[in-house]
A.B. asks: 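Would you mind keeping the following structure in view while I ask a few things?
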Amino acid sequence: MEIVRSNRFTKGFTLVELLVVVLTLGTLTSIALPSYLTSVTGSREGTANANARAIASAVQARAKATNAYDTTLADYAVDLGGAIPLNPCTGTTIGYTIISTGTSATVTAQVGANCDAWTPATFSLSL
């Protein structure tokens with residue numbers, strides 16, 4: 001009498017193989033995730049500074065034409081292509097500060113919850 005073996009138990013992965021795959025993926029994730037998050041935060045900070053620089057250019061151009069600094073951020077939407085750029089650190093378009101002191105002004109991005117504790121660049125302007 002010949003014994004016939006069934007192939008139904010030889011398909012699939014063993015528990016040990018699955019555990020090895022899960023542990024390998026967990027290890028790779030724990031190594032890569034902090035680097036990724038640091039990169040995202042750095043990109044947000046750089047973008048906020050670049051947007052503040054663009055706003056500073058628009059503020060300076062208007063001040064040269066009118067001989068005075070306008071500190072209302074919404075007034076520069078047309079000069080910036082139709083909209084104020086989003087500050088990725090605050091998640092809003094009002095995340096920038098324009099401070100005027102007569103013949104000089106500064107433009108700074110605001111620090112928000114989406115970025116680490118950082119010191120944003122301050123762009124100083126003068127007539």
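For clarity, every value in this text was computed on a predicted model and none was experimentally measured. Start at 1 with the first residue, then count along the sequence.
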A.B. asks: The test is side chain to side chain donor-acceptor pair (under 3.5 Å); show your working for Asn51 and Tyr96 and say whether it passes.
C.D. replies: CA-CA 9 Å; Asn51 291 345; Tyr96 303 95; 3.1 Å; yes
A.B. asks: From Gln110 CD over to Thr97 OG1, what is the distance, rounded to the nearest 0.5 angstrom?
C.D. replies: 4.0 Å
A.B. asks: With a 3.5 Å distance limit and no angle check, can you tell me whether Ser30 reaches the backbone of Thr27 through a side-chain donor-acceptor pair?
C.D. replies: yes
A.B. asks: When rounded to the nearest 0.5 angstrom, what distance separates CG in Leu127 from OG1 in Thr103?
C.D. replies: 6.0 Å
A.B. asks: Would you find a donor on one side and an acceptor on the other, under 3.5 Å apart, between the side chain of Tyr76 and the backbone of Arg62?
C.D. replies: no
A.B. asks: So does Ala121 get a backbone contact from the side chain of Asn49, meaning a donor-acceptor N/O pair under 3.5 Å?
C.D. replies: yes
A.B. asks: Counting distance only, does the side-chain N/O of Tyr69 pair as donor-acceptor with the main-chain N or O of Ser126 below 3.5 Å?
C.D. replies: yes
A.B. asks: Got a donor-acceptor contact below 3.5 angstrom from the Asn114 side chain to the Pro88 backbone?
C.D. replies: yes
A.B. asks: Give the intermediate values and the outcome of side-chain contact (heavy atoms from CB on, under 4.5 Å) for residues Val107 and Leu125.
C.D. replies: CA-CA 8 Å; Val107 178; Leu125 311 170; 4.1 Å; yes
A.B. asks: Do the side chains of Ile55 and Ile98 get nearer than 4.5 Å, heavy atoms only?
C.D. replies: yes
A.B. asks: Between Phe123 and Ser57, is any pair of side-chain heavy atoms under 4.5 Å apart?
C.D. replies: no
A.B. asks: List the steps, then state whether side-chain contact (heavy atoms from CB on, under 4.5 Å) holds for Val21 with Phe13.
C.D. replies: CA-CA 11 Å; Val21 170; Phe13 298 104; over 6 Å; no
A.B. asks: Taking Thr72 for the side chain and Ala74 for the main chain, is one N or O donor matched with an acceptor at less than 3.5 Å?
C.D. replies: no
A.B. asks: Quick check: does any side chain N or O of Thr38 sit under 3.5 Å from a backbone N or O of Pro34, one acting as donor and the other as acceptor?
C.D. replies: yes
A.B. asks: Ile94 and Ile84: side-chain contact (heavy atoms from CB on, under 4.5 Å), yes or no, with the steps?
C.D. replies: CA-CA 8 Å; Ile94 57 171; Ile84 302 297; over 6 Å; no
A.B. asks: To the nearest 0.5 angstrom, please state how far the CG atom of Asp79 sits from the CD atom of Gln60.
C.D. replies: 12.5 Å
